[in-house]
Every structure is written in structure tokens, then in C-alpha cells.
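I have placed the structure first, in the form of C-alpha cells, so that the comments after it can refer back to it.
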Amino acid sequence: MATLRRIAFLLERGRQETYKVKAFRAAAASLLPLGDDEIAARVAAGTLTDLPGIGASTAKVVAQVVAGEVPDRLASLEEEYGGSLVSGGDGLRAALRGDLHSHSDWSDGGSPIEEMAFTAIELGHDYLVLTDHSPRLTVARGLSVERLQRQLAVVDAINEHLVSAGADGDGFTVLKGIEVDILDDGSLDQTEEMLGRLDVRVASVHSKLKMEPDEMTKRMVAAIENPFTNVLGHCTGRLITGNRGTRPGSRFDARKVFEAAAEHGVAIEINSRPERRDPPTELLEQARDIGCLFSIDSDAHAPGQLDFQVYGCERAEAAGIEAERIVNTWPRQRLLEWARR
């Protein structure tokens, strides 16, 4: 049911607790196989809560929809979270064709790939790159070679379904990707064979963030020089707010890192998560002046977080970064040709 999915989306957009979101997504999934007449009959009989995943609060929403009313919960959430997240960035947001950094429940995301795809379509994307974590990040259920192989088959099946539903040609596509760990020596945490089967690869540092600056610089430059690297993810790794606490960013020679990225055509990610705002403004402007490409990404771990891109758009617009230098303003074919360089 669309209303339940919208409520879940708004809760995620407002960064509410995961358990609240799951209740509405579970209810929507439970009602999906039912027709409108059966749902209405259950409302009339008071038996909605007999269905798995339907509780008192979700049943109330459904009853109000059946009665032709705007549910109270939806109205309050639209008022609180349905408006603009920021005061700027609308021009760049309109120019974006997709998102190069997103997670599903295959690693540490909260929703199936299909739900992430449906929401990306609703947001007007032409493509969404699925970038679940690589094996070393066990805390995030990083994908082994075998699990990644299975995921690629699932992505193929989803895209085939989209084609059969009429979303072919210039329509929406889930692109195959990974957020691959940059290991201590700068190598990438996945086999070359698997990296070669992907459309887009985001390389990020997740461990030993306090490494000495010289060593961290060598580590990051080595990853950038790897021909499989397309995007350098959340380059400092900092956290400035949120329920995970705060931490300072890694220290490295930003000029050397950004010059290497510019030389090798690797995009610097403008990570749009509010708790990251990475890179910091000073580094963002330095990368701009050096001539880097950029990618404005949501790093979404839930469908509603796909809307976070506007935070990055606001920052890029304030820094005067032209849309042409942002790789996810490019049409899908141009993006893929760049990523295969």
C-alpha cells in the first residue's frame, strides 16, 4: 500500500528509529498480495491485525485510507518531514541522473534491493548504483565473492522485470557496484575478476582511520591509482553528529590525494549523509580548485535516505562546482563509459 510506504519513507527521511520504519514496511508487504476489496472487508470486520506485520497503528492508517481520509500519521509526518530539507541545491538536484552509493539489506542496509529501486524511480533517478560492502567489513555483513555473485544475478532479474514493465531504453536501471574497502596497503578488498564484472566501484577507507598522515596518503593514492577505482568515498571518514557519536577525520596530504584523483579521473565523493558532510568545506574547495571530478551520493542505507542527496547538492552549489564536473549528472551511457576507462 502506497500510503504505508510513504510513511516509512518520511520516517527514514527524518532519520527516525529503524524499528518504526520496519513496522510500516512490513505492513505494506503484508497487504501487497491482497486486493482492495479484501482489505476493505478486513477493515469492516476488524481483522486486519490478524495478518502478520499489521499492528494497531498500521491498521489505523489502513482504515483511514479505506474510509477515504488522509491518515493522521501521514499528515503529521508530511508536515514535519515532507518539506525541503535544505534551502539551496535545487538546481543541482534537478540535474542529477542517479546515485552512485547505496546499500541494501544484503549488507548493512535496511531494505531489499527492489524497495531501494522503486524509491529511486519515484525520486526521478535514471539509475541507482547498488554498492553493498566488501568482505573485510564483517560488521556490515560485507559480501564475499559468492554472495556478490548471487547479488549480481538478482540485479539482472530486477532489471529484466523493469524492462518487461516498460522501463527499458532510457528508463531506470539498477547498476552493479560495490563500496570496496581500501586495505592498509591501498589494495582493494575484492578480487579483480569480481571488480571487473561491476559497473561502478566506490573505494572507501573504513579501518585504521588514525593512521599516520604519510601512510594514509600512500594508502589512498594507491587505491586511486588502481584502475578499478571510480569514486573515492567519504574521504576523511569523519562523523560530526548522529547516534554513532562523533570522530575526527583522517589526516592525509589532501593535495597529493586530489591531484592523483584528477590525474586518474577518479571522482571525489560529496557524501550527503548529514552526519558526515564529507569532505569538509576546505577540502571540497581544494578538490574543486585542483580540477577533480565529483559524485554527489546519498550513501543511503534505507529508501528514505536516498533523498539525502540534496544536502550534498547544497554544498556543491555553495562551492561553485559546475554540474558538468559531477559525474552523476551524466547520462547512464556516458557514466558507464567513464567508469570502464
Identify each donor-acceptor pair in which a side-chain atom of residues 19-32 lies under 3.5 Å from a protein atom, sequence neighbours left out, and give them as a table.
residue, atom, partner, partner atom, Å
Arg25, NE, Glu12, OE2, 3.2
Arg25, NH1, Glu115, OE2, 2.9
Arg25, NH2, Glu12, OE1, 2.7
Arg25, NH2, Glu12, OE2, 3.4
Ser30, OG, Pro52, O, 2.7

Check ion pair [X]-[Y] (N to O, under 4.0 angstrom):
{"X": "Glu324", "Y": "Arg334", "result": "yes"}
{"X": "Asp189", "Y": "Arg136", "result": "no"}
{"X": "Asp126", "Y": "Arg332", "result": "no"}
{"X": "Asp278", "Y": "Arg273", "result": "no"}
{"X": "Arg150", "Y": "Glu146", "result": "no"}

Hey, what else clusters with [X] if you join Ile, Leu, Val, Met, Phe, Trp, Tyr whenever side-chain heavy atoms sit under 4.5 Å?
{"X": "Val202", "value": "Leu100, Tyr127, Val129, Leu175, Val200, Val231, Leu293, Val327, Trp330, Leu335, Leu336, Trp338"}
{"X": "Leu183", "value": "none"}
{"X": "Val139", "value": "Leu137"}

Working note: Asp156 + Lys176, criterion salt bridge (charged side-chain N to carboxylate O under 4.0 Å, His left out); need CA distance, chi angles, decisive distance, verdict. CA-CA 9 Å; Asp156 284 337; Lys176 300 170 182 175; 2.8 Å; yes
Listing request: all salt bridge (charged side-chain N to carboxylate O under 4.0 Å, His left out) pairs with a residue in residues 64-73, at least two apart in sequence or in separate chains. Lys60-Asp72
The criterion is side-chain hydrogen bond (donor to acceptor under 3.5 Å, both in side chains); which residues satisfy it with [X], sequence neighbours excluded?
{"X": "Glu282", "result": "none"}
{"X": "Arg219", "result": "Ser207"}
{"X": "Asn271", "result": "Glu269, Asp299"}
{"X": "Gln286", "result": "none"}

Regarding [X] and [Y], is there a side-chain donor-to-acceptor distance under 3.5 Å anywhere?
{"X": "His125", "Y": "Asp99", "result": "no"}
{"X": "Gln190", "Y": "Ser134", "result": "no"}
{"X": "Ser104", "Y": "Asp132", "result": "yes"}

I'd like to know if the side chain of [X] and the backbone of [Y] have a donor-acceptor N/O pair within less than 3.5 Å.
{"X": "Gln305", "Y": "His301", "result": "yes"}
{"X": "Asp181", "Y": "Pro135", "result": "no"}
{"X": "Asn328", "Y": "Gly98", "result": "yes"}
{"X": "Thr236", "Y": "Ser250", "result": "no"}
{"X": "Arg42", "Y": "Thr47", "result": "yes"}
{"X": "Thr58", "Y": "Gly55", "result": "yes"}
{"X": "Glu114", "Y": "Ile158", "result": "no"}
{"X": "Arg341", "Y": "His264", "result": "yes"}
{"X": "Thr191", "Y": "Met194", "result": "yes"}
{"X": "Arg244", "Y": "Leu239", "result": "no"}

Nearest-0.5 Å distance that lies between atom [atom1] in [X] and atom [atom2] in [Y]:
{"X": "Asn226", "Y": "Leu188", "atom1": "CG", "atom2": "CG", "value": "4.0 Å"}
{"X": "Leu74", "Y": "Arg6", "atom1": "CG", "atom2": "CZ", "value": "7.5 Å"}
{"X": "Glu259", "Y": "Cys292", "atom1": "CD", "atom2": "SG", "value": "9.0 Å"}
{"X": "Arg93", "Y": "Ser272", "atom1": "CZ", "atom2": "OG", "value": "10.0 Å"}
{"X": "Cys235", "Y": "Met220", "atom1": "SG", "atom2": "CE", "value": "5.5 Å"}
{"X": "Asn230", "Y": "Leu195", "atom1": "CG", "atom2": "CG", "value": "10.0 Å"}

Any ring-ring contact (aromatic ring centres under 6.0 Å, His included) involving residues 225-249? Give me the pairs, sequence neighbours left out, ordered by first then second residue. His206-His234
Tell me every residue that passes side chain to side chain contact (heavy atoms under 4.5 Å, CB included) with Glu80, counting only those two or more places apart in sequence or in another chain.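 Testing Glu80 for side chain to side chain contact (heavy atoms under 4.5 Å, CB included), a comparison that skips the adjacent residues, returns none.
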Restricting to salt bridge (charged side-chain N to carboxylate O under 4.0 Å, His left out), what partner residues turn up for Asp90, sequence neighbours left out? none
Hey, quick one: are Ile270 and Phe308 part of the same hydrophobic cluster, counting side-chain heavy atoms closer than 4.5 Å, chains of contacts allowed? no
Verify the cluster assignment for Leu85 and Leu11: are they in a single hydrophobic cluster under the rule of side-chain heavy atoms below 4.5 Å apart? no
Between Glu179 and His101, does a side-chain contact (heavy atoms from CB on, under 4.5 Å) hold up when you go through it step by step? CA-CA 7 Å; Glu179 184 180 16; His101 188 169; 3.0 Å; yes
